[in-house]
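Because the structure is a prediction, the values reported are computed rather than measured. Atoms within each ligand, like the ligands themselves, are counted from 1 in listed order.
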Amino acid sequence: MAETTGEGAQGGSFFNKERIKYSPEEEARLERQHFWRIIDAFRFYRVHVQEQVKRAERQFLSLPQRHQNLLPNVLSNLARISQCADHNQDILQAIVHNSLHMFENIEYGEREDPRKVRPSTTFDMDKLKSTIKQFARDWSETGRAERDTCYKPIIQEIQRLFPSDQYDVSKVSVLIPGAGLGRLAWEIARLGYICQGNEWSFFMLFSSNFVLNRCEKVNSLTLYPWIHQFSNNKKSSDQTRPIIFPDINPQSLPLDADFSMVAGDFVEVYRDSDSWDCVATCFFIDTAHNVIEYVETIWKILKPGGVWINLGPLLYHFENMANELSVELSYEDIRTAIVNFGFHIEVEKQSVQTTYTENDRSMLRYIYDCVFFVARKPAELYFNDEEEEEDDDDDQQQSSPPAAKSPRREGTDTLT
Ligand SMILES: C[S@@+](CC[C@H](N)C(=O)[O-])C[C@H]1O[C@@H](n2cnc3c(N)ncnc32)[C@H](O)[C@@H]1O
């Protein structure tokens, strides 16, 4: 299931920084504190799961002996869950190990005693468990069907709007805000487009850094993403079944591929007008405190003629969270705002059924009835009147930066 909350919401400071302005020093201190809080969560995982397993054991052992005798496999299954958690912890340690100095421009100092494991909140443990499931979605064969329903429509639309026989795709820039573990952005870069993923969560950033930069050997690593689910298992072994990853070598991008990941809050990082040919959002817009702020940012950063492709539900992440701004708009209302900004909606499907980090053997399964749309920021924004339009058209051919143009409206224009 998709996340319902932002990681900075508990403990307060990180997400709020956009609205509460701190001094640069205080800002840096809070960021450091947040960084270490998430590292601590990665380190605390084993203890947390073992506590759950011990509780399950205690509950089982409190049953009348005659009932226990009827269930010969329960304790061995719990022991197996424990082993799987140990294995998950090994992967999480490797992720942490590769995260401590991962940012080119920031160092977060060192912990006094890095071996000391500090307890984490249930909230952070839930985020970590969701991150483990995200490996299945993005980087395993198990996630292929889900990727086909979520990522393929976006990729196909990019290829339709910017076909390689009409555009120099190495000059078409695509931004993926809320990129998760980066697979969608990576796939777009693999097709030759300039693609940048943007992500705010350290859980995701640490993990995507690991998989993108440290995992070369196909299907060489194992995770057990479903061990945390104690309900709705048909077979005990369903809970402990593994996934292997990465299903493809993340280092196998063509040498000239232009792929990057940028850390930070989407609305803070992306402020330059008229910069992107395409912004693609997948299960992202409902992460906003104010979704209209996202629409506004996308409108601003798209080049005139650029397109916004969106697929996802509206499971608002901050709904019902104390002290957090959250405006839960219907799709109808968001659509009205999109049109009022000036976007032209060119493609719209209001019922695209997808899953999100689905456990396909669970007795409880969620289906999202997503909206999919393509909205274009009109190219005509450059021009004030007909005459200017003609003049500018000539100029633009020679000097302006490549703006995305609709092949449908602009015929055979290419980006050069
Ligand atoms: C539901 S997940 C979707 C991830 C990915 N797009 C996918 O489809 O698997 C939403 C992602 O957006 C990220 N996110 C939330 N708020 C963000 C913000 N303000 N800026 C950048 N990323 C953000 C979250 O950390 C999370 O990874």
Subject >> Option among K171, R376, K377, K303 that satisfies the salt bridge (charged side-chain N to carboxylate O under 4.0 Å, His left out) test with D277 >> reply: K303
Subject >> Sub-4.0 Å heavy-atom contact, R183 with ligand 1 >> reply: no
Original post:
Hey, looking at atom 6 (N) of ligand 1, which of G180, G178, A179 has the closest heavy atom?
Top reply: G178
Subject >> For ligand 1, the portion of Y294 having any non-hydrogen atom under 4.0 Å away >> reply: side chain
Original post:
Which ligand 1 atoms are under 4.0 Å away from a heavy-atom of G264?
Top reply: 20 (N), 21 (C)
**OP:** May I ask you to decide if the ring planes of F162 and Y167 are parallel, tilted or perpendicular, using 30° and 60° as cut-offs?
**Re:** perpendicular
Original post:
By number and element, which atoms of ligand 1 are closer than 4.0 Å to a non-hydrogen atom of N198?
Top reply: 20 (N), 21 (C)
**OP:** From atom 2 (S) of ligand 1, work out which of F202, Y356, Y270, W200 has a heavy atom at the shortest distance.
**Re:** Y356
Subject >> Nearest option to atom 17 (C) of ligand 1, as decided by whichever heavy atom of Y151, F284, F266 sits closest >> reply: F284
**OP:** Report yes if R137 has an N/O atom closer than 3.5 Å to an N/O atom of ligand 1; otherwise report no.
**Re:** yes
Original post:
Looking at ligand 1, does any of its N/O atoms fall within less than 3.5 Å of an N/O of H317?
Top reply: no
Subject >> Region of F203 engaging ligand 1 - heavy atom pairs below 4.0 Å >> reply: neither
Original post:
Is G312 near ligand 1, meaning one of its heavy atoms is under 4.0 Å from it?
Top reply: no
